[in-house]
Amino acid sequence: IRNSLFLTDQSLVLSPYLNFDSDILSVQVAPNRRLMVIEHKETPAISPKPAEQTSFQAPLIKVDILPPGSTHDLATIQTQSAGPLALMGDGLLDIMQAAENADWAVRYVPFHGEPHILAAMKSTCQPDLQPLSATAALIMGCYNTGDTRTVVAVSTADGSRLWQNQWANKYVWGWFTYAENGSRFAYESLEVNRPVSAFDALDSQDIAAQVVGVYDTDTGHLVLVRNATPVLTAGQNAALSPDGRRFAIMRHGAIEVYNLPPVQPRAVKVKKRK
């Protein structure tokens, strides 16, 4: 509420949690609910200067990383602009230009330990990073000439590639939600009836549907697809249970709940002895 955060439970009674003197710009929670990021403005102190000189310094953005419910920061960062952070189990991901065959390199930055390169990807633009669980993340490249974009799921445990897919450009404005145990995620997007770019405005006649797909995190297996109604451009009208076995979605003026099958384990290749 404004510049204050509150905690609640099943009773929905609000308990004061954190209060800030400056504007809160965003609140992000990691897929496993163990970490959160709060980005808020911080006006820097301006040192005294001669009367004939004037100086303006834009407000800095302070980024606090802490466990939900705690008041003790694990890390604090200052930056010039707000933006999403790819929070993982005990660290975060960032991306940089690669020096060799790949265009981009994804780096894992643990809160305790040394950063290391996790994966590399070729893309004509900087890929997007989307955590799916405490140990899995999605790397999403640009749309190519076939009107699809390459998405690659990788494991932060060993850098292995879990799966790869192609997503069509008729699905835009994506929003993710996750099972707390990391077994599944749901991807919600607007299905449009004409090609659009990141800078195009959307009118109601451009939107054909709002589609939600439920995927197994480790394999990329598509478990269930449903349309959400009414269309909410910001998403957030679907949810997964903590164990990934139930899925809820707003449809036709009601909340529909689906029981999902058990998660299929990822096949492990066994090397044969010669």
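Numbering starts at 1 and runs along the sequence shown.
- With contacts defined as side-chain heavy-atom distances shorter than 4.5 Å, the pair Ile65/Met36 does not qualify.
- Heavy atoms from other residues, nucleotides or ligands lying under 6.0 Å from CZ of Arg33 number more than 12.
- Contact annotation: the side chain of Val154 approaches that of Ile139 to within less than 4.5 Å [non-hydrogen atoms, C-beta and beyond].
- Transitive grouping of hydrophobic side chains (ILVMFWY, heavy atoms separated by less than 4.5 Å) brings Leu74 and Val109 into a common cluster.
- Of all non-hydrogen atoms in Ser183 and Gly244, the two that sit nearest each other are OG-CA, 3.8 Å.
- Without hydrogens or angle criteria, Ser22 side chain to His40 main chain gives no donor-acceptor distance under 3.5 Å.
- Ile38 and Leu35 fall into different hydrophobic clusters, where Ile, Leu, Val, Met, Phe, Trp and Tyr are joined by side-chain heavy atoms under 4.5 Å apart, directly or via other members.
- To the nearest 0.5 Å, atom CG of residue Leu7 and atom CG of residue Leu14 are 9.0 Å apart.
- Put simply, the side chain of Asp216 reaches to within 4.5 Å of the side chain of Val223, judged on heavy atoms.
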Verdict with reasoning, Leu224 to Leu260, per side-chain contact (heavy atoms from CB on, under 4.5 Å): CA-CA 8 Å; Leu224 181 73; Leu260 303 178; 3.9 Å; yes
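- Here the CD atom belonging to Gln78 is positioned 9.0 Å from the CD atom belonging to Gln80, to the nearest 0.5 angstrom.
- Side-chain contact between Leu93 and Met88 is present, with at least one heavy-atom pair separated by less than 4.5 Å.
- In this structure a side-chain-to-backbone donor-acceptor pair under 3.5 Å is present from Asn32 to Arg34.
- The two residues Leu129 and Ala86 have their closest heavy-atom pair at CB-CB, 4.1 Å.
- With Tyr187 as the fixed residue, the ring-ring contact (aromatic ring centres under 6.0 Å, His included) test singles out one of Trp173, Tyr178, Tyr171, Trp167: Trp167.
- Between Trp163 and Leu138, the closest side-chain pair of non-hydrogen atoms falls below 4.5 Å.
- Annotation for Ile255: atom CD1 does not count as buried by contact number, only 12 or fewer foreign heavy atoms lying within 6.0 Å.
- Not one N or O on the side chain of Asn181 forms a donor-acceptor pair closer than 3.5 Å with the backbone of Ser133.
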Stepwise side chain to side chain donor-acceptor pair (under 3.5 Å) test for Gln236 and Glu188: CA-CA 8 Å; Gln236 304 183 47; Glu188 180 175 1; over 6 Å; no
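- Not one N or O on the side chain of Thr150 forms a donor-acceptor pair closer than 3.5 Å with the backbone of Gly141.
- In this model, no donor atom of one side chain and acceptor atom of the other lie less than 3.5 Å apart for Gln126 and Gln97.
- Side-chain contact between Gln10 and Leu12 is absent, with no heavy atoms from C-beta onward closer than 4.5 Å.
- Phe111 and Val63 fall within a single hydrophobic cluster, where Ile, Leu, Val, Met, Phe, Trp and Tyr are joined by side-chain heavy atoms under 4.5 Å apart, directly or via other members.
- From Asn237, atom CG reaches atom CE of Met250 across 6.0 Å, with rounding to the nearest 0.5 Å.
- Contact check on Asp218 versus Arg184 returns no salt bridge, with no Lys/Arg side-chain nitrogen under 4.0 Å from an Asp/Glu carboxylate oxygen.
- When side chains are defined from C-beta on, Lys41 does not count as touching Lys62, because their heavy atoms never get closer than 4.5 Å.
- Shortest non-hydrogen contact noted between Ser70 and Leu66 is O-CD1, 2.9 Å.
- For the atom pair CG of Asn19 and OG of Ser4, the computed distance is 3.5 Å after rounding to the nearest 0.5 Å.
- Rounding to the nearest 0.5 Å places CD1 of Ile207 at 7.0 Å from OG1 of Thr233.
- The shortest non-hydrogen separation linking Gln264 to Thr219 is O-CG2, 4.0 Å.
- The OG1 atom of Thr177 lies 11.5 Å from the CD1 atom of Ile249; values are rounded to the nearest 0.5 Å.
- More than 12 heavy atoms of other residues, nucleotides or ligands lie within 6.0 Å of CZ in Arg245, so this atom counts as buried by the packing criterion.
- For CG of Asp21, the number of neighbouring non-hydrogen atoms (other residues, nucleotides, ligands) closer than 6.0 Å is 12 at most.
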Asn3 and Asp23: CA distance, side-chain angles, deciding distance, side-chain contact (heavy atoms from CB on, under 4.5 Å) verdict: CA-CA 6 Å; Asn3 297 327; Asp23 294 339; 3.7 Å; yes
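- When the side chains of ILVMFWY residues are joined at heavy-atom separations under 4.5 Å, either directly or via intervening members, Val172 and Trp175 end up in two distinct hydrophobic clusters.
- Residues Ile95 and Arg107 form no side-chain contact, since every pair of their non-hydrogen atoms from C-beta on lies 4.5 Å or further apart.
- Side-chain N or O atoms of Gln210 include one that pairs as donor or acceptor with a backbone N or O of Leu232 at under 3.5 Å.
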Working for salt bridge (charged side-chain N to carboxylate O under 4.0 Å, His left out), residues Arg149 and Asp128: CA-CA 11 Å; Arg149 70 187 307 186; Asp128 296 323; 3.3 Å; yes
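- Formation of a donor-acceptor pair under 3.5 Å by the Gln28 side chain with backbone atoms of Leu85 is found in this model.
- Summarising the local packing, CD of Gln205 is surrounded by more than 12 heavy atoms from other residues, nucleotides or ligands at distances under 6.0 Å.
- When all heavy atoms of Gly213 and Leu222 are compared, the closest pair comes out as CA-CD1, 4.0 Å.
- In this structure, Tyr215 has its ring center under 6.0 Å from that of Phe185.
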Step-by-step side-chain contact (heavy atoms from CB on, under 4.5 Å) determination, Leu5 to Val27: CA-CA 10 Å; Leu5 297 180; Val27 177; 4.1 Å; yes
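- The main-chain N or O of Ala153 is never found under 3.5 Å from a side-chain atom of Gln164 such that the two would form a donor-acceptor pair.
- Placement of Phe20 and Ile61 in two distinct hydrophobic clusters is found when ILVMFWY residues are connected by side-chain heavy-atom separations under 4.5 Å, directly or transitively.
- The heavy-atom pair separating Ala179 from Leu240 by the smallest distance is N-CD1, 3.8 Å.
- Side-chain atoms of Trp104 come within 3.5 Å of backbone N or O of Ser123 as a donor-acceptor pair.
- At least one donor-acceptor pair under 3.5 Å links the side chain of Thr156 to the backbone N or O of Thr135.
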Criterion side-chain contact (heavy atoms from CB on, under 4.5 Å) on Val257 and Phe247, from CA distance to verdict: CA-CA 6 Å; Val257 180; Phe247 171 70; over 6 Å; no
